[in-house]
2 protein chains.
Amino acid sequence: METQPAVASLSALAHEVRLSTFRLLVQAGPDGLPAGEVARRLGVLPNTLSASLNVLSHAGLIASRREGRSIIYTANYDAMRELLAFLMEDCCGGSPEICAPLAAIASQCCVAEGARA
Amino acid sequence: METQPAVASLSALAHEVRLSTFRLLVQAGPDGLPAGEVARRLGVLPNTLSASLNVLSHAGLIASRREGRSIIYTANYDAMRELLAFLMEDCCGGSPEICAPLAAIASQCCVAEGARA
DNA sequence: TCCATATTTCGAGAATACAGGAAATATGCG
DNA sequence: CGCATATTTCCTGTATTCTCGAAATATGGA
């Protein structure tokens, strides 16, 4: 990943409603959530949320599909991974032991539970 | 970490010069770099860079110390870790196998080289 | 003290982001 | 078709951010 798209992603996440929205969709998994449900859970007006979804979508962090009258939004896990990888990528140039705890966080978070399955 | 400080950190990073500055300092390791050196490497005016450093510092992402006439800036690795952990923290609630690759990235990045030492 | 270096602070104009009201679009159902 | 639901688009005033020139501050050395 290069700097410019990373800035775009970070900008999209640098907003209370948008960050909460993204986290909600990440939690929701591949099934995603309809826009209205997100608005209800976060307590924001539908049009305000729509603007937030638009920004996140434009940055490639989420995707959408129509289902009946609802539009379902889902997190783009690839984009999330790319952004995190970009942020982690530099720390090893200096001293690996400094950023090693990041791996510990990730394995605590993901592998420990994933490996158990 | 909570949403509000996370937004502050993301806002600080959501800017081309500031993101590049932060990455440069992360690469530089605990010794850090003087402000002038960062400005020279990134090709930005000293006062513009100063504003960027101020924003990053205010968000807690970097720290500074004076050394003679120079002011040396260093990355705050703890803050970086907290932010990354915050972003990763939700993915497991859904499906662990989705975010497991994050652990792979982190271990590629840090542990593989760190363990070799 | 005087000067050069390193960095920050101040100020102003231009550009951009934000929130929310009102209206428009799309879908499903009777 | 007519109506309710779900969501988006448009609009507008306000607030914030960004950039850069000019001036100020801090340090070290002659």
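Side chains are part of it too, since the values below use all heavy atoms of this structure and drop only hydrogens, waters and symmetry mates.
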*Provide, to the nearest angstrom, the distance between the CG atom belonging to A/Leu33 and the P atom belonging to D/dT7.*
11 Å

*Would you mind reading off the distance between B/Asn47 atom CG and C/dG11 atom C1', rounded to a whole angstrom?*
12 Å

*If you find the nucleotide of DNA chain D closest to A/Leu49 and the one closest to A/Arg69, which residue's nucleotide is nearer the 5' end?*
A/Arg69

_Heavy atoms from C-beta onward define the side chain here; which of C/dG21, C/dT7, D/dA26 lies closest to that of B/Arg66?_
D/dA26

*Base, sugar-phosphate, or nothing: which does B/Ser50 touch, judged by heavy atoms less than 4.0 Å apart?*
base

*Would one find a side-chain N or O of A/His15 under 4.0 angstrom from OP1 or OP2 of C/dA19?*
yes

*asked:* According to a hydrophobic-cluster definition based on side-chain heavy atoms being under 4.5 Å apart (Ile, Leu, Val, Met, Phe, Trp, Tyr only), do B/Leu24 and B/Tyr77 belong together?
replied: yes

*Quick one: is C/dT27 close enough that its OP1 or OP2 comes under 4.0 Å of any side-chain N or O from A/Ser70?*
no

_Nearest listed nucleotide, side chain of A/Ile71, among C/dC18, D/dT8, C/dT8_ = D/dT8

*Compare side-chain N and O positions of A/Tyr73 against OP1 and OP2 of D/dA6 and report whether any pair is under 4.0 Å apart.*
no

_On DNA chain C, does the nearest nucleotide to A/Thr48 precede the nearest nucleotide to B/Leu53 from the 5' side, or the other way round? Give the residue._
B/Leu53

*Quick one: label B/Arg40 by what it contacts on the DNA or RNA (base, sugar-phosphate, nothing), any heavy atom closer than 4.0 Å.*
nothing

*Can you check the A/Glu16 CD to D/dA15 C1' distance for me, whole Å?*
17 Å

